[in-house]
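Accompanying notes for the structure given below.
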2 protein chains.
Amino acid sequence: MRPHELPEVRHLALFRDMAQSNFDTLMQSAYAQTFPASLDLIRQGDPADFLHVVLEGTVELYAQWGGRECTMAVVRPVGTFILAACIRDAPYLMSARTLDRARIILVPASDLRAVFRRDPEFAVSVIHELAGCYRAVVRHAKGLKLRTSRERIASYLLRQSVLAGGVASYTLPVEKRLLASYLGMTPENLSRALKSLEEDGVKVDGSRVIITDRARLTELARPDRLIDGPDPDGAHAGASLPSAQG
Amino acid sequence: MRPHELPEVRHLALFRDMAQSNFDTLMQSAYAQTFPASLDLIRQGDPADFLHVVLEGTVELYAQWGGRECTMAVVRPVGTFILAACIRDAPYLMSARTLDRARIILVPASDLRAVFRRDPEFAVSVIHELAGCYRAVVRHAKGLKLRTSRERIASYLLRQSVLAGGVASYTLPVEKRLLASYLGMTPENLSRALKSLEEDGVKVDGSRVIITDRARLTELARPDRLIDGPDPDGAHAGASLPSAQG
DNA sequence: TTTACGGTTTGATATTTGTCAATTGATCAG
DNA sequence: CTGATCAATTGACAAATATCAAACCGTAAA
């Protein structure tokens with residue numbers, strides 16, 4: 001692991017409050033590795049051996065069933081994934097692959113479980129992290145069940161704008177087919193819906209998003225803190241796609 | 001609280017391992033109450049004041065947005081709900097209402113937070129519980145995104161049969177409109193789909209389910225441990241509807 | 001520059017799903 | 001027993017969404 005990387009990990013909400021000695025223990029058995037783009041990191045169903053921490057690059061969490069697959073979340077630096085499987089010592093529910101070249105730290109799950117049993121501060125951090133992950137997935141499920149495709153797209157586009165500081169224009173952080181899958185629709189459907197949304201205050205040209213009528217878009221998206229976040233206290237940052245992992 | 005109730009709570013995975021003194025502290029500030037059917041217990045967006053423990057009866061967790069609503073989970077005895085909101089001291093993401101007359105214990109969230117900070121065993125239990133809740137919602141989301149309506153229904157009917165011990169016949173534990181909402185479709189859609197499923201090995205007459213051709217139904221449902229559960233270690237029971245709450 | 005590749009868009013079409021309205025059926029209070 | 005109520009079903013229809021195929025386009029390798 002590189003010298004500047006340790007402080008970055010230590011700065012994460014998950015590792016911030018634990019005793020230094022325990023942090024050192026965790027990191028001694030951990031190792032960092034750089035992976036090329038489009039590489040499979042995890043196959044759903046495999047036993048959970050390592051907590052993953054993304055230092056650079058982007059990782060997609062996706063699920064498969066019966067020959068189909070769908071994107072569940074995207075993890076960006078500095079974020080962790082598959083915490084829950086590690087804790088339960090259970091098989092991964094999701095697969096993971098790199099989208100870009102990515103640098104990732106692998107923390108052995110067994111050490112993780114040992115440390116939160118003897119470091120109360122770390123246990124509390126894990127609790128907060130898990131509660132946050134749980135709430136993120138509940139939000140995602142709410143969006144899928146309560147909103148139509150157009151509404152999900154509108155909400156997503158508006159939320160990205162807000163996360164970027166309320167700007168009227170920005171670029172999409174992911175490919176459209178991935179976005180479509182994340183939002184629970186086909187690429188074709190997304191493409192057509194985006195075109196139709198020009199009448200509702202947002203224009204998308206390539207990966208460039210331009211909000212032409214914020215009021216109109218907001219009216220359609222009806223943003224809701226209980227779906228779109230963030231949690232009021234804001235214990236962890238909102239990634240470009242709500243990083244609903246663990 | 002009644003004398004026989006305390007041991008039932010204590011027996012829950014969440015409270016089983018904590019120090020007796022801390023359990024006593026929690027229960028001293030808690031109080032039990034009996035509610036009539038169809039009563040709203042929690043409105044989404046309200047601050048999380050109490051962890052709820054269902055002792056008797058049934059509670060529905062549901063979400064609302066823009067005049068629509070959908071069922072997210074059903075909690076049965078003995079189970080807890082909205083743990084995550086309590087921990088984060090954040091607003092509830094879901095509403096809750098009784099389906100039957102229900103007896104519920106209310107544990108102040110502030111005490112909860114105080115206790116898991118000083119009782120490592122309890123902290124570990126909370127971690128396990130949250131990880132389990134997280135995984136349950138991920139499963140639910142996977143089902144929604146990867147399966148069609150018919151497949152979700154088939155999976156549900158098959159899973160219920162398995163949970164009941166592999167029986168060929170059983171009665172639905174909830175009303176069909178609730179089931180429809182839980183599975184992400186309209187009651188009309190569920191009704192028609194159920195009829196069409198007679199050709200796929202299951203017959204539903206009123207609330208009576210009869211599996212007429214298990215192999216056929218299994219072929220359609222393609223049950224998957226990573227969606228339908230349970231987690232291999234089986235730390236907590238599978239309720240009639242996967243009780244994906246916290 | 002040119003080609004090759006993969007993402008994206010578009011068109012035509014089929015399927016699924018939702019909506020609205022009416023009817024049936026079961027349950028329960030009076 | 002009877003009416004009221006609400007869940008469940010059914011039919012007709014509309015809307016949303018998926019599928020399949022082809023064309024388009026931007027990027028990167030040759």
Side-chain angles (χ1 to χ4, degrees), chain A residues 36-38 58 60 62 65-71 74 97-101 143-154 157 171-200 203-209 220, chain B residues 36-38 58 60 62 65-71 74 97-101 143-154 157 171-200 203-209 220:
Chain A
S38 301
T58 321
E60 175 192 10
Y62 65 103
W65 180 81
R68 298 167 210 162
E69 71 175 53
C70 71
T71 303
V74 170
R97 67 185 154 218
T98 56
L99 291 176
D100 311 300
R101 214 172 84 99
L144 288 171
K145 292 178 94 165
L146 290 168
R147 284 173 170 155
T148 66
S149 290
R150 295 186 87 236
E151 289 163 347
R152 291 200 295 279
I153 299 168
L157 294 176
T171 62
L172 288 175
V174 292
E175 287 181 351
K176 283 181 186 167
R177 70 192 176 90
L178 189 149
L179 180 57
S181 179
Y182 174 73
L183 294 176
M185 65 193 78
T186 59
E188 294 96 325
N189 191 356
L190 173 64
S191 181
R192 281 185 249 266
L194 282 177
K195 176 165 290 185
S196 87
L197 283 177
E198 289 186 18
E199 317 228 307
D200 288 280
K203 192 167 162 9
V204 179
D205 180 52
S207 66
R208 179 113 233 117
V209 180
L220 173 63
Chain B
S38 301
T58 322
E60 175 192 10
Y62 65 103
W65 180 82
R68 299 167 211 162
E69 71 175 54
C70 70
T71 302
V74 170
R97 65 183 154 219
T98 55
L99 291 175
D100 310 300
R101 215 172 85 101
L144 289 171
K145 292 179 94 165
L146 290 169
R147 284 174 168 155
T148 65
S149 290
R150 293 186 89 237
E151 289 163 346
R152 292 200 296 279
I153 298 168
L157 294 177
T171 62
L172 288 174
V174 292
E175 287 182 352
K176 284 182 184 166
R177 71 195 173 86
L178 188 149
L179 180 58
S181 178
Y182 175 73
L183 294 175
M185 64 193 76
T186 58
E188 294 94 328
N189 192 355
L190 174 65
S191 182
R192 281 185 251 266
L194 282 179
K195 178 163 290 186
S196 87
L197 282 177
E198 289 186 19
E199 317 229 306
D200 287 279
K203 191 165 162 15
V204 180
D205 180 54
S207 66
R208 178 116 232 114
V209 180
L220 173 64

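Letters go in sequence order (proteins before strands), and every chain restarts at 1.
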*asked:* So, under a plain 3.5 Å distance rule, would you say the side chain of A:Arg152 forms a donor-acceptor pair with the base of D:dT17?
replied: no
*Looking at C:dC20, does its base get a donor-acceptor pair with the side chain of B:Glu188 below 3.5 Å?*
yes
*Within this structure, what is the CZ-to-P distance between A:Arg68 and D:dA18, rounded to whole angstrom?*
12 Å
_Distance, rounded to the nearest Å, where A:Lys176 contributes NZ and D:dC25 contributes P_ = 13 Å
*asked:* Check this for me: does the side-chain of B:Arg192 come within 3.5 Å of the base of D:dG11 through a donor and an acceptor?
replied: yes
_Whole angstrom value for the distance that separates P of C:dT16 from CG of B:Leu194_ = 16 Å
*Could you state the CD-P distance from B:Glu151 to C:dT16, rounded to the nearest angstrom?*
11 Å
*Once you round it to whole Å, what is the distance between P of D:dC25 and CG of A:Asp205?*
12 Å
*For A:Glu175 and D:dG26, what is the distance between atoms CD and C1' respectively, to the nearest whole Å?*
12 Å
*When you get a sec, tell me which of D:dA7, C:dT17, D:dT17 is the closest nucleotide to the side chain of B:Ser149?*
C:dT17
*Could you state the CG-P distance from A:Leu179 to C:dG7, rounded to the nearest angstrom?*
15 Å
*Heavy-atom distance under 4.5 Å between the side chains of B:Leu157 and B:Leu172, does that happen here?*
yes
_For the student: nearest non-hydrogen atoms of A:Leu220 and A:Ala154, plus distance_ = CD2-CB, 3.7 Å
*Between B:Lys195 and D:dA8, is there a side-chain N or O to OP1/OP2 distance below 4.0 Å?*
no
*For atom CZ of A:Arg147 and atom P of C:dT17, their distance in whole Å*: 22 Å
_So, OP1 or OP2 of D:dT17: does either fall under 4.0 Å of a side-chain N or O from A:Thr186?_
no
*Got a sec: does the CD of B:Glu198 have more than 12 other heavy atoms crowding it under 6.0 Å?*
yes
*Between B:Ser191 and D:dA8, is there a side-chain N or O to OP1/OP2 distance below 4.0 Å?*
no
